[in-house]
There are 2 protein chains.
Amino acid sequence: MADANRDPLDALGDPNRRAILRLLGASKRSVQEIASELPISRPAVSRHLRVLGEAGLVVDHRNGTRRVYELRDEGMLAVQRYLEQVWGDAAARFRLLAENTERTPDRD
Amino acid sequence: MADANRDPLDALGDPNRRAILRLLGASKRSVQEIASELPISRPAVSRHLRVLGEAGLVVDHRNGTRRVYELRDEGMLAVQRYLEQVWGDAAARFRLLAENTERTPDRD
DNA sequence: ACATTCCGTAACCCGAGGGTTACGGTAATC
DNA sequence: GATTACCGTAACCCTCGGGTTACGGAATGT
């Protein structure tokens with residue numbers, strides 16, 4: 001999945017995409033699993049996941065016929081940087097702390 | 001200005017609104033001043049500012065015929081809470097720090 | 001080989017939202 | 001009182017993004 005130059009805040013501007021991220025925050029999931037928890041079609045979910053991927057918010061791994069998606073920090077950190085740019089010192093302190101506490105990969 | 005139940009991430013989903021917030025991050029400004037720095041009309045800016053206000057990201061004060069807008073933390077903190085909800089511990093540590101370092105009101 | 005499951009993508013539809021101009025109310029100044 | 005500056009809002013326009021169904025390729029199991 002290519003990381004296109006899509007702004008993560010553009011991606012976060014849709015409520016269904018935010019709901020998808022909340023699901024993935026709990027555990028990694030396949031497209032089908034995500035779609036079964038939302039009131040939209042599976043192709044719609046697929047489309048949203050593409051947007052989220054291009055924004056650096058998720059990443060996918062093939063598992064047979066399944067594509068399993070999980071969170072990715074890069075897009076989230078870009079959001080933090082925007083907040084720091086706009087809101088200033090408080091956001092800067094926050095960003096440094098977040099980068100020094102990497103999320104462990106055995107999260108699920 | 002009423003704080004309606006508008007999600008700040010909805011508000012941040014537009015690039016012109018993000019540009020407005022960046023301008024206000026530098027200093028508080030009137031509608032006209034903001035509009036003169038962006039490639040859109042003054043009524044368009046007015047409309048965006050309304051959205052940002054309802055999302056808790058800005059607040060306005062009357063000053064004669066002018067309405068002067070400045071940043072507000074409430075919406076930004078809601079974004080942080082969403083990030084914490086989704087991305088977890090790192091975001092939680094960040095949020096606690098940000099709340100303990102209030103922005104001083106004599107910012108400009 | 002065939003059937004089933006999974007999923008990306010094309011094609012189509014349509015409504016939301018972001019653009020505009022015009023209007024009129026408020027405030028300030030002369 | 002007249003003029004000017006400021007700004008919210010109405011009305012209109014139209015793009016674009018998010019919804020859908022349909023299709024076909026890949027992977028797996030029988």
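The sequence lines fix the lettering, A, B, ..., with proteins before strands; numbering per chain opens at 1.
Heavy-atom distances to DNA chain D give each of A:Arg17 and B:Ser30 a nearest nucleotide, and the one nearer the 5′ end belongs to B:Ser30. Summary of the strand contacts: A:Pro43 and A:Asp14 both lie near DNA chain D, and taking for each the nucleotide with the nearest heavy atom, the more 5' one is attributed to A:Asp14.
At the phosphate of C:dT26, neither OP1 nor OP2 sits under 4.0 Å from any side-chain N or O atom of B:Thr65. Phosphate proximity of C:dT9 to A:Arg50: present, with a side-chain N or O under 4.0 Å from OP1 or OP2. Taking 4.0 angstrom as the limit, A:Asn16 places a side-chain polar atom (N or O) nearer than this to OP1 or OP2 of D:dG19. The side chain of B:His48 contributes no N or O atom lying less than 4.0 Å from OP1 or OP2 of C:dG17. Remark: B:Arg66 is not in phosphate contact with C:dA28, judged by side-chain N or O atoms under 4.0 Å from OP1 or OP2.
Using modelled atom types and a 3.5 Å distance limit, the side chains of A:Glu33 and A:Ser36 yield no donor-acceptor pair.
Atom pair A:Arg62:CZ and D:dG25:P shows a separation of 14 Å (rounding to whole Å applied). Atom-to-atom, CD of A:Glu54 to C1' of C:dT9 comes out at 13 Å; the value is rounded to the nearest Å. Remark: C1' of C:dA16 and CG of B:Asp7 are 17 Å apart, rounded to the nearest angstrom. When the P atom of C:dA16 is taken as reference, atom CZ of B:Arg6 falls 13 Å away, rounded to whole Å. Whole-Å rounding puts the B:Asp10 CG to C:dG17 P distance at 8 Å. At whole-Å resolution of the value, CG in B:Asn63 and P in C:dT26 are 18 Å apart. The distance between atom NE2 of A:His61 and atom P of D:dA27, rounded to the nearest whole Å, is 17 Å. The distance between atom CG of A:Leu38 and atom P of D:dG19, rounded to the nearest whole Å, is 10 Å.
Counting any heavy atom pair closer than 4.0 Å across all strands shown, B:Arg42 reaches a base atom.
The distance from atom CD1 of A:Ile34 to atom NE2 of A:His48, rounded to the nearest 0.5 Å, is 11.0 Å.
Residues B:Leu9 and A:Asp14 fail the side-chain proximity criterion, which asks for heavy atoms closer than 4.5 Å.
A donor-acceptor distance shorter than 3.5 angstrom exists from the side chain of B:Arg17 to the backbone of B:Ala11, with no hydrogens or angles considered.
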| task | For side chain to side chain contact (heavy atoms under 4.5 Å, CB included), just list the numbers for A:Leu38 and A:Ile20, CA-CA rounded to whole Å, side-chain angles, deciding distance to a tenth of an Å, and then say yes or no. | result | CA-CA 8 Å; A:Leu38 297 177; A:Ile20 288 169; 3.5 Å; yes
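Interface remark: the A:Arg47 side chain does not form any donor-acceptor pair with the D:dG17 base, using a distance-only criterion of under 3.5 Å.
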